[in-house]
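In this text, all values refer to a predicted model and were calculated from it rather than measured experimentally. Just so you know, ligand 1 is whichever comes first in the structure, and atom 1 is the first atom listed for that ligand.
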Amino acid sequence: MAAVAVRRRRSWARFALACLGLCLSTAFAVDRSNFKTCDQSSFCKRQRAIQPGFSPYRALLDSLELGPDALTVHLVNEVTKVVLLLELQGLKGNMTRIRIDELKPLRPRYRVPDVLVADPPTTRLSVSGRDENSVELTVAEGPYKIILTGRPFRLDLLEDRSLVLSVNARGLMVFEHQRLPRNSFSEKVSLTFGSIWDKIKNLFSREERKETAEGNGSPNEEAAEKADQPEENREKDDKDEPGAWEEMFKTHSDSKPFGPTSVGLDFSLPGMEYVYGIPEHAEDLRLKVTEGGEPYRLYNLDVFQYELYNPMALYGSVPVLLAHSIHRDLGIFWLNAAETWVDISSNTAGKTLFGKMLDYLQGGGETPQTDVRWMSESGIIDVFLLLGPTISDVFRQYTSLTGTQALPPLFSLGYHQSRWNYRDEADVFEVDQGFDNHDLPCDVIWLDIEHADGKRYFTWDSSRFPQPLAMLEHLAGKRRKLVTIVDPHIKVDSEYPVHEELRSQGLYVKTRDGSDYEGWCWPGSAGYPDFTNIKMRAWWANMFSFDKYEGSASNLFIWNDMNEPSVFNGPEVTMLKDARHDGGWEHRDIHNIYGFYVHMATAEGLIQRSGGTERPFVLARAFFAGSQRYGAVWTGDNAAEWGHLKISIPMCLSMGLVGLSFCGADIGGFFKNPEPELLMRWYQMGAYQPFYRAHAHMDTGRREPWLLAPEYLGPIRDALRQRYALLPFWYTLFYRAHLDGHPVMRPMWVQYPKDVATFSLDDQFMLGDSLLVHPVAEPGARGVQVYLPGEGEVWYDTQSHQKHHGPQTLYLPVTFSSIPVFQRGGTIIPRWERVRRSSDCMKDDPITLYVALSPQGTAEGELYLDDGHTFNYETQNEFLFRKFTFSGNTLTSSSADPRGHFETPIWIERVVILGAGKPASVLLETEGIPETILTFHHNAETSVLTLRKPEVHVSTDWSIHLR
Ligand code: NOJ
């Protein structure tokens with residue numbers, strides 16, 4: 001025993017040294033050799049070897065059955081004879097679902113549970129036409145027809161006779177059926193993937209030869225006959241496919257007791273040239289073609305020092321791809337939680353605009369088309385086609401399936417101050433006081449792993465944090481919060497009750513042999529709770545009750561880090577794929593959803609501890625489709641480099657497109673020390689991104705804003721104040737995201753879907769439909785080139801109030817204090833303009849409305865208010881949703897949702913109208929109260945009209961007339 005302990009200590013020390021070495025190494029670059037390429041991932045390699053045009057799958061049209069909710073049809077692989085079941089559903093709201101599984105699987109294949117919020121309502125399909133090789137289906141609700149072709153299997157979705165999307169048009173579908181283990185009789189004689197592929201090619205070439213000879217294209221009887229023989233009668237000398245039953249990566253062996261089980265499918269998108277989504281990658285907003293390079297990988301991984309502009313996997317995965325053209329939008333949601341790769345190709349890739357124009361002049365050229373191919377290691381094919389036709393429709397469709405962004409508590413939209421680590425209570429008090437001393441607003445202070453006793457989460461290091469409750473009370477007195485980290489790896493220590501309970505209740509992930517799986521992480525040897533187990537999640541949620549998590553209080557919230565899960569000594573820094581979860585599923589099946597479950601259980605714990613009344617705040621690093629229901633995410637361990645500042649825009653935009661609106665990047669960069677200018681610019685950019693938190697690695701120098709020279713501190717203070725002034729706007733945007741899935745932070749093309757110049761823009765973005773933000777992301781910048789889109793649109797610089805016309809590329813000179821932000825003419829934005837210590841101090845403050853007039857002299861906007869922290873908005877309708885409209889020289893306030901009622905002292909203290917002429921008088925009309933005259937000030941130079949003190953209550957209906 002003692003020897004084992006010593007060995008363990010030694011290897012831990014070696015491991016810690018290795019980590020330290022890595023941390024201190026000066027060269028900042030990912031070690032690519034730690035992560036697989038497609039070639040090193042055997043299923044990806046197998047699938048990618050398949051070339052288009054040889055699909056062995058045939059839909060047996062005679063087997064077609066139409067039920068009330070779905071159509072089913074058998075698909076046969078003409079070489080292996082294995083029969084699959086295809087289920088096709090028309091879903092309400094212009095969606096189609098395709099599921100393909102084995103008809104008679106040796107064991108059930110994993111179907112991803114808990115991601116869909118409900119069984120999506122279906123709409124009837126009926127057969128509206130038929131010939132010998134195809135069936136035409138009509139969708140009861142929706143403008144679509146679906147053509148199912150028998151041989152080779154293919155689905156085409158058409159709207160008004162024009163093709164919108166095809167499935168398996170390139171014939172790249174793969175469904176590796178399950179086989180018995182290799183020593184059993186049937187496996188010895190079964191065909192390997194490579195040999196099947198050879199046979200497919202043979203089959204096709206024989207057919208081609210015959211077709212050429214016969215010249216009539218009739219089916220090749222001989223080949224079909226051969227293919228009709230059962231597998232066992234065919235060649236018996238096939239060699240095992242490398243990686244099919246066991247795969248090595250570095251020193252790690254991945255046993256595959258169920259053999260190869262991968263699935264893949266291709267989608268052709270005619271008319272589409274721009275595709276987006278499938279986060280998380282440190283990539284441009286617009287996805288690139290992957291031909292000749294690596295596919296985009298979706299496999300939640302803790303990537304140390306990630307590199308920019310490459311398709312390597314990162315911490316989270318959302319298997320949703322969006323396609324956009326000036327004519328329409330659509331989405332593909334590939335519901336599979338296993339390791340997944342996505343290949344993108346396009347017939348216009350590499351062609352310059354000039355080349356495309358030349359094509360056009362020479363007679364049209366090809367219709368642009370993008371082809372997307374999904375490849376997953378296990379599970380079934382379960383795919384939702386989100387058929388738009390507008391991007392708004394796609395947002396609604398996707399979030400109707402997986403849920404919308406949880407409405408965050410108001411405080412969480414304020415500023416968060418974090419670092420690894422705030423040393424002790426005195427340090428926390430000092431940082432908290434630092435904000436007050438320097439007139440900087442702040443809502444939350446964060447404690448990283450060192451706050452806990454030896455990284456035993458749910459505990460406190462008693463020498464550094466002897467009185468957590470008093471510390472929390474102190475912060476509550478300042479109307480601030482604390483966040484502590486609770487990671488999903490649990491120190492193996494028989495004295496640690498959390499570990500002992502999990503162990504004794506059998507709630508840890510197991511190895512393939514059934515013992516508790518152990519890996520290395522921050523605490524040393526650690527167990528990994530099996531969050532896929534509902535009992536485990538209930539147990540975990542209960543851990544956040546105030547009596548269980550001692551030293552916690554209602555102003556303490558949670559950060560779930562390392563939930564990919566990160567396993568320092570595991571393959572690719574994560575869990576062995578043959579580890580076992582509840583129900584006997586392999587980790588391979590569920591990997592990408594593990595982090596989602598951690599987030600879910602923690603959020604549920606915070607709700608439960610309040611008896612179901614309080615909204616939770618939980619930040620998680622790993623995520624999956626649907627994680628938006630549980631809180632916020634961030635872009636992980638970035639670096640103090642200008643490139644990392646820039647990439648935070650496309651990274652958060654990509655997440656917003658697929659439901660995850662509450663996204664941010666570590667302000668200042670996690671690794672390395674930012675130069676003051678970079679830190680300042682990051683504060684300025686972060687003020688306009690949804691999740692606003694500064695965070696830093698333990699080896700970096702302290703960088704609280706007041707440690708910077710005054711020329712940097714001043715602009716940081718301004719940025720923080722701008723953030724806080726816009727909190728009512730942020731809160732309203734989040735309510736919108738919560739209602740109908742529209743992202744808070746949006747790519748320019750979402751607002752200007754017909755303006756091709758916006759389709760690849762990712763150095764600027766929109767907040768809702770009102771603010772355009774073009775952060776300064778270059779050192780020593782003297783100016784920025786801002787693209788102000790929109791024919792007939794006007795844009796008001798929010799600092800100078802100067803009006804600019806769209807479309808134009810504007811060169812805007814900048815200084816240290818500039819954050820180029822423009823309010824779109826035609827919008828109204830609410831602000832809180834009194835400077836306070838935290839959002840909680842502002843929540844009853846009066847509102848100032850900024851009305852930016854369109855060239856037609858109109859504008860509209862909205863304001864959402866509630867208590868900022870409970871579910872009463874949902875359960876008791878305790879909210880106010882107001883609509884403001886300016887037209888015909890009159891600004892009116894009315895209810896946007898009459899169900900809402902909410903007691904609040906908030907009133908409108910000022911109205912600022914941008915682009916206004918000088919009126920002779922201004923009259924306020926409120927229901928039941930005689931008209932009053934308002935005082936105003938008009939600045940002729942800037943055309944800004946300020947109406948002072950309307951003093952109307954925010955919940956009443958009123959009109960202000962400019963005469
Ligand atoms: C990795 C996280 O990404 C980082 O933010 C955190 O500070 C460290 N883990 C330590 O907990």
Which bit of His695 gets closer than 4.0 Å to ligand 1, counting heavy atoms only: side chain, backbone, both or neither?
side chain
Is the distance between the ring centroids of His591 and Tyr299 under 6.0 Å?
yes
Could you pull out all donor-acceptor pairs under 3.5 Å where a side-chain atom in residues 465-473 meets a protein atom, sequence neighbours excluded?
none

Checking Asp302 against Ser566: is there a side-chain donor and acceptor pair closer than 3.5 Å?
yes
Could you tell me, atom by atom, which parts of ligand 1 come under 4.0 Å of a heavy atom of Ile449?
10 (C), 11 (O)
With a heavy-atom distance limit of 4.0 Å, tell me whether Trp634 approaches ligand 1 through its side chain, its backbone, both, or neither.
side chain
Show which atoms of ligand 1 fall inside a sub-4.0 Å distance from at least one heavy-atom site of Asp561.
1 (C), 2 (C), 3 (O), 4 (C), 6 (C), 8 (C), 9 (N), 11 (O)
Could you list which atoms of ligand 1 come closer than 4.0 Å to a heavy atom of Arg621?
1 (C), 2 (C), 3 (O)
Check for me whether the distance between the ring centres of Trp420 and His451 falls short of 6.0 Å.
no
Find out whether Met685 and Arg681 are in side-chain contact, i.e. whether some heavy atom of one side chain is under 4.5 Å from a heavy atom of the other.
no
Contact (N/O only, under 3.5 Å) between Asp666 and ligand 1:
no
Just need the protein heavy atom nearest to atom 4 (C) of ligand 1, so name the residue and atom and give the distance.
Asp637 OD1, 3.4 Å
Classify the contact between Ile485 and ligand 1 as side chain, backbone, both or neither, using a heavy-atom distance cut-off of under 4.0 Å.
side chain
Examine ligand 1 and decide if any of its atoms is less than 4.0 Å from a heavy atom belonging to Trp559.
yes
Quick check against the 3.5 Å criterion: does Arg537 have a side-chain atom that pairs as donor or acceptor with the backbone of Met600?
no
Interatomic distance, CZ@Arg615 vs CG@Leu410, rounded to 0.5 Å, equals 8.0 Å
Hey, is ligand 1 close enough to Asp448 that some N/O pair sits below 3.5 Å?
yes
Cationic N near anionic O, under 4.0 Å, Asp443 to Arg837
no
For ligand 1, does Phe304 get within less than 4.0 Å through its side chain, its backbone, both, or neither, judged by non-hydrogen atoms?
neither
